[in-house]
Number of protein chains: 2
Amino acid sequence: MTKVSGEVRAKEEATSVNRREQILEAAVVVFAEHGYFKATTAQVAEKVGISQPYIFKLFKNKEELFVAALDRAFERTIRTFTDVEASGDTLLEESIRVYEQMMETHPSEIILQVQALGIRDEAIRSSMQAGMNRVTQLMENKFTAAGIANPEVEVSTFMANGMLCHIAMALEMPELKPKHLK
Amino acid sequence: MTKVSGEVRAKEEATSVNRREQILEAAVVVFAEHGYFKATTAQVAEKVGISQPYIFKLFKNKEELFVAALDRAFERTIRTFTDVEASGDTLLEESIRVYEQMMETHPSEIILQVQALGIRDEAIRSSMQAGMNRVTQLMENKFTAAGIANPEVEVSTFMANGMLCHIAMALEMPELKPKHLK
DNA sequence: TTAAGTAGTGACTGATCAATCACTGTGGAA
DNA sequence: TTCCACAGTGATTGATCAGTCACTACTTAA
């Protein structure tokens, strides 16, 4: 009856911590695909292979589930940029490289961030603000440490192009992607 | 009973064309404030001072209403930039100026565009794609006509900063606004 | 005066879903 | 052997809303 269409991966010990992780992984994908309001907790549950009510044993409500998924996306973003080791004259291009890599390996998490831009919900907006702040701060620290001139301006431009890139992806408009100078 | 809180303006002749306009004006604000899915057609109706069912006499459904509101936002954007007359060395700053002006005078239309970025709905996405394309094309034409070097790159940067600015507004993060070089 | 178009409404419904509740099954520890 | 914590589910519901329907009231033109 139920399609069991896109269920996920192999057996791990069924602790609630694992379940939480599995649910989050599924939630990122489902939310990215359908959007926060159209996505249902039943779709997430089906993807994990559990019942819909069980989600509410591990997350207070749908909003909290989304926020957790969004935080996850930002955590990866932060980790990705943190891991870049490069000197002043390669830091920017290296950062762009790992970012583009992340777009390919984890597109749903990018989409999720774009979704969150438009959602008028206090908890979600707070999480989004925190995420954007963390990324900006991190890059400013890295740019500064690498001795790049005008780090504020450079980071701002980096963020602007990054967001345009996100948008190009969400809208499926590759022609919108930033035209890297040179 | 009903609050009649934010009803709108004075009597015009009650033709359906006027009503359409009034509904769109209200819709832009209501959608911007609550988001596409949380906003209700009843809220839009209340703001106009008509009954909820009447909206469906003038718009096929909620989606069509949103698309019409979004198109309206893009029309103003296009008009705003079209009206800029400036030479090669002032075109960019002048464009930024009118854009910032529009952010102050019509914030809801900016917010609406940000909302639309994340909505997974074919009609809305198409409208969004068309809008972004029109703006990009227009600016490329203007930059080229003004004899600006590397118009593609310049427009891309302009769009990137513009979108970051939109985002800063939607997230209420003024500190995120582009740091204009110089 | 009537007929027809236009502007508009009150009352309702069908569908959807987040969230709750009351429950089952199971593996260990005491 | 019992008891209890943990993992999990089926059934249901309460609220919300887009959209429909059957209707009223006004105006104009023949």
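Letters A, B, ... mirror the listed sequences (proteins, then strands); counts begin at 1.
A:Ser87 and A:Thr90 are linked by a side-chain donor-acceptor pair at a separation below 3.5 angstrom, with hydrogens and angles left out of the test.
Note on A:Tyr54: every side-chain N or O is 4.0 Å or more away from OP1 and OP2 of D:dT9.
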Between the protein and nucleotides 15-18 of chain C, which nitrogen or oxygen pairs come in under 3.5 angstrom?
| residue | atom | partner | partner atom | Å |
| --- | --- | --- | --- | --- |
| C:dA18 | OP1 | A:Ala39 | O | 3.4 |
| C:dA18 | OP1 | A:Lys62 | NZ | 3.1 |
| C:dA18 | OP2 | A:Thr41 | N | 3.2 |
| C:dA18 | OP2 | A:Thr41 | OG1 | 2.8 |

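Using a 4.5 Å heavy-atom threshold, the side chains of B:Ile110 and B:Tyr99 count as touching. At least one side-chain heavy atom of B:Phe158 sits under 4.5 Å from a side-chain heavy atom of B:Phe81. By the 4.5 Å heavy-atom criterion applied to side chains, B:Leu176 and A:Met132 are counted as neighbours. A 4.5 Å side-chain heavy-atom check between A:Arg120 and B:Ile111 finds at least one atom pair inside the cut-off. Side chains of A:Asp121 and A:Arg125 form no contact here, defined as non-hydrogen atoms less than 4.5 Å apart.
The nearest whole Å value for the distance from the CG atom in B:Leu65 to the P atom in D:dC17 is 15 Å. One can place CZ of A:Arg20 at 14 Å from P of D:dG8, the figure rounded to the nearest angstrom. For B:Leu58 and D:dT20, the CG to P distance is 14 Å, given to the nearest whole Å. Atom CD in B:Glu63 sits roughly 19 Å away from atom P in D:dC17 (whole-Å rounding). Between B:Asn18 atom CG and C:dT6 atom P the separation is 15 Å, expressed in whole Å. As a whole-Å value, the separation of A:Glu46 CD from D:dT9 C1' is 16 Å. Nucleotide D:dT9 holds its C1' atom 13 Å from the CD1 atom of A:Ile55, rounded to whole Å. The CZ atom of B:Phe31 sits 13 Å away from the C1' atom of D:dC17 (whole-angstrom rounding).
Distance from the side chain of B:Arg19 is smallest for C:dG8 among the nucleotides C:dG8, C:dA22, D:dC21. Checked against C:dT20, D:dA7, D:dC21, the side chain of A:Pro53 finds its nearest nucleotide in C:dT20.
Taking 3.5 Å as the limit, the base of C:dT6 and the side chain of B:Lys57 contain no donor-acceptor pair of atoms between them.
Note on A:Arg20 versus A:Glu25: no salt bridge recorded, every NZ/NE/NH1/NH2 to OD/OE distance being 4.0 Å or above.
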